[in-house]
Amino acid sequence: MSAENSATGAGTGTAPHPGADAGTALPVLPPLHCLRLLEPGPPRPAALPTGTPVWLVSRHADVRQVLTDPRLGRAPLHAPDAPAVTLSPNLLDDPSALLNIDGVEHQRLRRTVQRAFTPRAIARWRPWVASVVEGLLDELIDRGSPADIVAAYTRPLPVAVISRLMGLDQLDTKRLEHWSDHALATTAYTPQAIRTAMNDFAHFGAEVIAERRAEPGDDLVSSLLTAADDTPGITEEQIVTLVIGLVVAGHETTMTSLGNALVYLLGEGRDAWQQLASDEQSAAAATEQLLRVVPLGDSDVLPGLLRRAVEDVEIGGVRIPAGSVVAADVASANSDPEVFTGDLLTELFSPLAAPSYTFGAGPHHCLGAWLARMEMELALHRLARRLPALRLTAPQEAIEWRRGLLTRSPQRLQVAW
């Protein structure tokens with residue numbers, strides 16, 4: 001649920017793709033579990049979509065170093081001399097945001113919210129999340145087959161959970177989709193449209209904060225404000241950015257991962273459906289493997305989690321000069337054959353052979369990792385249990401994908417049972 005790890009930006013993806021007019025057919029995209037990944041090897045020179053040179057790091061051990069070594073930080077990416085790393089303004093760009101500060105300042109800001117996302121805290125939410133899952137399944141089944149599983153299930157579930165957690169039960173989901181689409185857009189919208197949407201989103205966040213200060217409640221925003229009041233040095237801008245970042249990131253990883261997981265499970269992985277329905281332990285194991293193997297987006301949009309070296313550092317036997325931008329290719333590291341020897345067909349219900357870096361590692365490890373895991377395992381297990389005959393109604397080649405965003409998942413996914 002970190003903006004970086006989830007590449008937040010859930011939404012409808014209905015914006016026109018740049019360069020494509022009404023008569024131009026967009027290229028057919030493969031499901032994300034079918035992407036050809038970079039062969040892991042020593043750090044190698046590459047370039048970001050902006051043209052900025054980057055060191056691409058792909059081996060499991062090397063990626064861990066990039067994400068945990070204090071000589072490689074997020075804040076230097078926003079220093080005055082830093083090269084451009086994004087084509088469009090987005091939620092990742094704010095230098096004052098939790099994602100983009102390091103060291104003591106980062107720890108101070110992170111402490112204001114991290115207590116709400118510990119495994120113990122998330123476990124208390126499990127019965128309620130399960131009830132949301134069952135309610136959505138009741139509605140899906142009552143409406144009848146066929147149905148769009150994205151509109152009925154994979155999108156509303158995480159939105160409902162983060163809205164309840166933050167005390168935003170009256171949040172207009174269409175406004176949320178609009179803000180989320182723009183927050184992590186790459187090519188879907190113009191820079192001016194993104195700035196306008198983000199200003200509107202920030203205004204919403206400031207209103208929520210003012211309301212909670214006037215009438216505190218039993219919600220994450222209220223507890224965040226209490227913690228911030230007890231922590232010197234946290235600015236109002238940082239609080240606003242943290243609130244709106246949590247709103248977006250709190251549903252994006254789950255929505256994207258769940259939709260992409262169903263593309264696999266209702267296709268090549270259909271033989272696993274019965275075991276997925278059998279017990280929550282199987283679903284938990286499958287969730288870990290699916291999160292490891294199925295990336296959140298295309299590597300040609302953003303090749304990895306970015307850091308910048310503050311001094312010379314050796315990674316995998318290669319000297320990376322100070323000032324260099326480094327991209328940790330999480331997808332390749334998560335499939336490094338030196339560490340992971342099987343694939344989803346053989347390992348879906350097996351324990352992970354080593355940590356997955358889907359949620360990052362080190363100081364910027366995703367705050368909401370445990371929440372995303374819990375939502376996904378409950379969603380998969382109970383869907384398979386309630387609808388054992390669930391199937392796709394069209395081939396994977398016909399899937400319409402969300403485009404022009406940092407993440408990619410089905411725009412719609414028609415199913416029947």
Side-chain angles (χ1 to χ4, degrees), residues 1-22 26 29 32 49 85-94 97 99 148-163 166 168 170-205 207-208 240-260 263 295-298 300-302 368 372 399-413:
M1 215 169 70
S2 119
E4 178 188 27
N5 303 125
S6 61
T8 54
T12 59
T14 54
H17 192 271
D21 57 35
L26 294 172
L29 298 175
L32 286 166
V85 295
T86 58
L87 290 170
S88 300
N90 58 49
L91 198 63
L92 301 184
D93 286 338
D94 186 348
L99 171 64
D148 174 12
I149 198 75
V150 171
Y153 194 60
T154 68
R155 183 180 294 134
L157 170 60
V159 170
V161 171
I162 196 61
S163 296
M166 299 188 71
L168 303 173
Q170 306 305 314
L171 178 61
D172 183 338
T173 57
K174 291 298 182 184
R175 290 180 76 194
L176 175 58
E177 290 175 17
H178 172 78
W179 289 327
S180 297
D181 270 353
H182 287 73
L184 267 295
T186 54
T187 58
Y189 303 97
T190 65
Q192 183 56 50
I194 295 171
R195 292 188 188 96
T196 299
M198 290 301 93
N199 287 338
D200 186 35
F201 198 10
H203 181 69
F204 164 80
E207 288 181 338
V208 170
V240 171
T241 301
L242 188 54
V243 167
I244 65 175
L246 287 170
V247 172
V248 175
H251 70 277
E252 168 59 22
T253 297
T254 305
M255 190 203 77
T256 299
S257 298
L258 187 53
N260 287 327
V263 172
L296 292 167
D298 297 303
D300 59 350
V301 175
L302 190 66
I399 293 173
E400 181 182 349
W401 299 94
R402 295 161 57 232
R403 297 174 185 251
L405 308 175
L406 284 175
T407 54
R408 176 155 70 85
S409 61
Q411 170 85 333
R412 283 174 285 276
L413 199 60

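Numbers for residues simply follow the sequence, beginning at 1. What's counted below: heavy atoms across the whole structure, side chains too, no hydrogens, waters or symmetry copies.
Residues Leu176 and Val247 share a closest heavy-atom pair of CD1-CG1, 3.5 Å. Closest heavy-atom contact between Trp401 and Ser409: CE3-C, 3.4 Å. Taking all atoms of both residues into account, the shortest heavy-atom contact from Val150 to Pro156 is O-CD, 3.5 Å. Residues Asp93 and Ser88 approach most closely at OD2-O, 3.5 Å, considering heavy atoms. Here the closest heavy-atom approach between residue Val248 and residue Ser180 is recorded as CG2-OG, 3.8 Å. In terms of heavy-atom proximity, Leu405 sits nearest to Ala188 at CD2-CB, 4.2 Å.
Judged as a side chain to side chain donor-acceptor pair (under 3.5 Å), and not counting sequence neighbours, the contacts of Thr241 are Asp94. In terms of the ring-ring contact (aromatic ring centres under 6.0 Å, His included) criterion, residue partners of Phe201 (sequence neighbours excluded) are, by chain and number, Trp179. In terms of the side chain to side chain donor-acceptor pair (under 3.5 Å) criterion, Gln170 has no residue partners (sequence neighbours excluded). Listed by chain and number, the residues in a side-chain contact (heavy atoms from CB on, under 4.5 Å) with Ala152 are Leu140, Arg143 (sequence neighbours excluded). Residues passing the side-chain contact (heavy atoms from CB on, under 4.5 Å) test with Ala193, sequence neighbours excluded: His182, Tyr189, Thr190. Under the side chain to side chain donor-acceptor pair (under 3.5 Å) criterion, Thr173 pairs with no residue, sequence neighbours left out.
One finds the OG1 atom of Thr154 at 5.5 Å from the CG atom of Leu258 (value rounded to the nearest 0.5 Å). The distance from atom CG of Leu246 to atom NE2 of His251, rounded to the nearest 0.5 Å, is 12.0 Å.
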Run Asp298 and Arg408 through salt bridge (Lys or Arg N to Asp or Glu O under 4.0 Å) and show every step you take. CA-CA 7 Å; Asp298 297 303; Arg408 176 155 70 85; 2.8 Å; yes
Can you check side chain to side chain contact (heavy atoms under 4.5 Å, CB included) on Thr187 and Arg403, steps first, answer last? CA-CA 8 Å; Thr187 58; Arg403 297 174 185 251; over 6 Å; no
Side chain to side chain contact (heavy atoms under 4.5 Å, CB included) between Val208 and Met166, intermediate numbers included: CA-CA 10 Å; Val208 170; Met166 299 188 71; over 6 Å; no
Glu177 vs Arg402, salt bridge (Lys or Arg N to Asp or Glu O under 4.0 Å): CA-CA, chis, key distance, verdict: CA-CA 12 Å; Glu177 290 175 17; Arg402 295 161 57 232; over 6 Å; no
Verdict with reasoning, Phe204 to Leu171, per side chain to side chain contact (heavy atoms under 4.5 Å, CB included): CA-CA 10 Å; Phe204 164 80; Leu171 178 61; 3.6 Å; yes
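Counting heavy atoms from C-beta on, the side chains of Thr186 and Leu87 never come closer than 4.5 Å. The side-chain heavy atoms of Asn260 and Pro410, taken from C-beta on, include a pair separated by under 4.5 Å. Annotation: side chain of Leu157 is in contact with side chain of Val161 (closest heavy-atom distance under 4.5 Å). The closest side-chain heavy-atom distance from Arg412 to Asp148 is below 4.5 Å. Side-chain contact check for Asp200 versus Arg175: some heavy-atom pair is nearer than 4.5 Å.
Under the 3.5 Å distance criterion, with hydrogens and angles disregarded, a donor-acceptor pair is assigned to the side chains of Glu252 and Thr407.
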